[in-house]
Number of protein chains: 2
Amino acid sequence: MAERDGARPRVTLKQVSELAGVSQSTVSRILNRRHSAVPIAAATRERVLRVIEELDYRPHPLARGLRGGGTALLGLIVREVADPFFAAAIEAIADESRRHGYSLVLGHARSSAREALVLAEVLETRHCDGAILLGDLRDEPRLWAELEGSELAVVAVCQGGRAPGIPTVDCDNRVGTVMALQHLHGLGHRRIAFLDAGWLGDVEERRLAYHAFMAERGLPVLEGYHQRLPGNHPDAGLSAFRALLELSSPPSAVFCATDQVALGVLAAAARAGLRVPADVSVVGFDDIPMARFAVPGLTTVRQPLRRMARLAVERLLGLIRSGAAPRSGPARRERLRPSLVVRGSTAAPGGGAGGAASRG
Amino acid sequence: MAERDGARPRVTLKQVSELAGVSQSTVSRILNRRHSAVPIAAATRERVLRVIEELDYRPHPLARGLRGGGTALLGLIVREVADPFFAAAIEAIADESRRHGYSLVLGHARSSAREALVLAEVLETRHCDGAILLGDLRDEPRLWAELEGSELAVVAVCQGGRAPGIPTVDCDNRVGTVMALQHLHGLGHRRIAFLDAGWLGDVEERRLAYHAFMAERGLPVLEGYHQRLPGNHPDAGLSAFRALLELSSPPSAVFCATDQVALGVLAAAARAGLRVPADVSVVGFDDIPMARFAVPGLTTVRQPLRRMARLAVERLLGLIRSGAAPRSGPARRERLRPSLVVRGSTAAPGGGAGGAASRG
DNA sequence: TTGAAAGCGGTACCAA
DNA sequence: TTGGTACCGCTTTCAA
């Protein structure tokens, strides 16, 4: 009755060694067989392994980490955990990490000086063996400062802008945008509007690509055709589409920087009594799970998420294994090719009563 | 050139103490002032704090945890990270945890013996000070076995079924279901179908509540009115709704166990040329972010997620502070009251050409 | 082929 | 009020 009731006090390496009648070093060696420039007697190993089994012994990760063995923990810093695209990315990264024996520590990066600090603490220490930056975090100066000074292994995913000295994995937003616009253009659309999704991340590249495409083809970007949204949310897409309808010459197609925005546009169109795609075509970007189930199904550009996750994790583990991150000079940037997914939200213009312009 | 280039070798407690001319104990005490049954000279504290500042010293969490100080890490075990409802829950829990200085370690629990093991390792060790189980994990025997044997502080959220000896926070699914059905009933619906969403979690309580409600009011649950779905996904809702349309007497309203399923129903209705709510009313459950932007807006039952998260984290921290979890007997179960959110997907029956029955 | 022992960075108990 | 010091559980030389 002396000890806390039901407290199974944890099996230690020492106990294993004693019960097996060997030294701790021996047990440790058997556990980490990779370091075996040292041979071990088969009989000894046998015996030790049996004891380990019997006692259901598990190495203490903290102790291990403290001594320099790594923590099997990867930090994942995300701005918006609940965003459908990022949620899917988190899932993919978590799966991929686990395939390699790592768990994720979630750093939710909602802007705020104090929070960024906490986050940095999680990172900077040896708590995590490495970290993945998911999404655009350029507006987190403390984070970058912290990263700069540390030798932590870091990889960025969907970072949008370049991260100094940090290997990056993202999809080729320019190519994706061109795919979307070519699709619309091919259907006969000329009046194509663009809704961005705030200033963050990949959105910027898509915006640039839109303007480049329109200029190249000599398509007009009328006043108001490029709507600036306050953030990446259906709400924003909804309002922006309304603004589009107020224009003297509304577009016949809308290219949205993200699916989230596009879903808002679909909602707005429905509420305005417009039919998609008869009255107006809509294209998104990302191919979030919901895109398939929108009404109508959303034509969009798919990011190869699993492959991106795999690549990011592999790069990160590579960095970890190879010692530290030589955070200097331009780092490798991996750009995966997206693909166009055509669903029901796009069609040739004029299928309805003359496009969105016919409204009112 | 002896050491790795750019490796800032980490400031330790010892260095601080030496530079400040005090002992390690003193520094440690100043850092953890809560344990101060011990007074400390103001001058000393001053000096030490300055050195800490100067050296930008941060305690090593691993070392701290090893000695028993806790890791400031909470394990979060989730089945489906990318599910919109759970993603929102993760966000809420992450925010709440951070308000208390804790980070989350993500355990992605997709069923698989080996994975559950890895997960258990993360938990069982002192890696995490406690853990939150999010969603139904009853089919993870290894997890429960592990939990049983450990003294880890654990709280379950949206667990659906009871978890033996584990404090639980969820919403009152029965009340929520009744709200939804009363709403439909009040609008005049009598032929109300139910789509479950697999067998997991809260769904079961909603199913029971549906049958109870229908029986009480003497409403018929015709053959096929309760569709069993393979899982919680729009896809499943889509197929199930099609099956509903095949019935000789299709329902005038559909109550879905989750919004995910309801979104699938909305898509299916649109593809079948049915108008919602004129031809058929649809109600969901959860109020995921997308529900507002569905076409039409989805009437649904909202779970008070922030409050649930707050409660869960507080309970967990309480357990952690109070020592261990006395994993025995029935534990407290907190059921929060949901609320009905009426949007455009519900209306009195017969508004269209006679309900879904009129199809074909 | 194996063992002894010195840490890793802190915390906390016991003296002074 | 402070300092000394024995650990926490494991890895890793260095010897034997």
Side-chain angles (χ1 to χ4, degrees), chain A residues 7-49 51-52 55-72 121 124-127 129, chain B residues 3 7-49 51-52 55-73 121 124-127 129:
Chain A
R8 202 184 48 178
R10 169 169 210 95
V11 183
T12 72
L13 185 73
K14 197 167 158 216
Q15 294 172 44
V16 173
S17 71
E18 282 168 358
L19 212 85
V22 297
S23 77
Q24 299 193 34
S25 336
T26 305
V27 180
S28 179
R29 283 195 196 99
I30 291 174
L31 254 36
N32 320 329
R33 54 168 124 297
R34 60 181 155 295
H35 274 296
S36 67
V38 191
I40 290 185
T44 313
R45 138 166 304 135
E46 244 343 270
R47 190 152 32 96
V48 170
L49 286 178
V51 174
I52 288 179
L55 262 43
D56 190 27
Y57 165 75
R58 324 248 185 97
H60 194 310
L62 259 44
R64 201 171 239 186
L66 183 56
R67 196 59 178 93
T71 58
E121 270 170 28
E124 192 267 351
T125 64
R126 275 198 246 140
H127 224 138
D129 296 344
Chain B
E3 290 201 289
R8 201 185 50 178
R10 169 167 212 96
V11 184
T12 72
L13 186 75
K14 197 166 158 219
Q15 294 172 44
V16 173
S17 72
E18 282 168 359
L19 213 84
V22 297
S23 77
Q24 298 192 35
S25 335
T26 305
V27 180
S28 179
R29 281 193 199 102
I30 291 174
L31 253 36
N32 320 328
R33 53 167 126 298
R34 59 184 157 293
H35 273 297
S36 67
V38 192
I40 290 185
T44 313
R45 139 166 303 134
E46 241 348 87
R47 189 152 33 96
V48 170
L49 286 178
V51 173
I52 287 178
L55 263 44
D56 189 27
Y57 165 75
R58 323 249 185 97
H60 194 309
L62 258 45
R64 204 171 235 184
L66 183 55
R67 195 61 180 98
T71 57
L73 249 33
E121 270 170 28
E124 193 266 352
T125 65
R126 277 199 244 138
H127 224 138
D129 296 343

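For clarity, every value in this text was computed on a predicted model and none was experimentally measured. Just so we're on the same page: letters track the sequence lines, and every chain starts at 1.
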Which nucleotide in D/dC10, C/dG10, C/dG9 has an atom nearest any side-chain atom of B/Leu66: C/dG9

Audit row: B/Leu19, B/Tyr57, side chain to side chain contact (heavy atoms under 4.5 Å, CB included) steps and yes/no: CA-CA 12 Å; B/Leu19 213 84; B/Tyr57 165 75; over 6 Å; no

A/Ser23-A/Thr26 side chain donor-acceptor pair, cut-off 3.5 Å: yes

Minimum side-chain heavy-atom gap B/Val27-B/Val51 below 4.5 Å: no

Closest heavy-atom pair and its distance - A/Val48, A/Val22: CG2-CG2, 3.9 Å

Distance test, side-chain N/O of B/Thr26 to OP1/OP2 of D/dG3, below 4.0 Å: yes

Relative orientation of the end axes in the helix from C/dT1-D/dA16 to C/dA16-D/dT1, expressed as an angle to the nearest 10° (five pairs per end): 40°

Nearest listed nucleotide, side chain of B/Asn32, among C/dT11, D/dT1, D/dT12: C/dT11

Phosphate-side-chain proximity, A/Thr44 and C/dT1, N/O vs OP1/OP2 below 4.0 Å: no

Whole angstrom value for the distance that separates P of C/dG9 from OH of B/Tyr57: 10 Å

Between D/dT12 (C1') and A/Leu13 (CG): distance, integer Å: 13 Å

Value in whole Å for how far the C1' atom of C/dT11 lies from NE2 of B/His60: 15 Å

Heavy-atom donor-acceptor pair, B/Arg29 side-chain to C/dG10 base, under 3.5 Å: no

Proximal nucleotide (of C/dG9, C/dG3, D/dC10) relative to the A/Ser23 side chain: C/dG3

Side chain of A/Arg67 - closest among C/dG9, C/dG7, C/dC14: C/dG7

Intermediate values then yes/no, side chain to side chain contact (heavy atoms under 4.5 Å, CB included), B/Val16 and B/Leu55: CA-CA 8 Å; B/Val16 173; B/Leu55 263 44; 4.2 Å; yes

From CA spacing to verdict: side chain to side chain contact (heavy atoms under 4.5 Å, CB included), B/Asn32, B/Arg64: CA-CA 11 Å; B/Asn32 320 328; B/Arg64 204 171 235 184; 3.2 Å; yes

Side chain to side chain, A/Ile40 and A/Ile30, heavy atoms closer than 4.5 Å: yes

Touch class at under 4.0 angstrom, heavy-atom based, for B/Val22 against every strand present: sugar-phosphate

First of A/Gln24 and A/Arg45 reached from the 5' end of DNA chain C, by closest nucleotide: A/Arg45

Earlier contact from the 5' end, DNA chain D, for B/Ser25 and A/Lys14: B/Ser25

Touch class at under 4.0 angstrom, heavy-atom based, for B/Ile40 against every strand present: sugar-phosphate

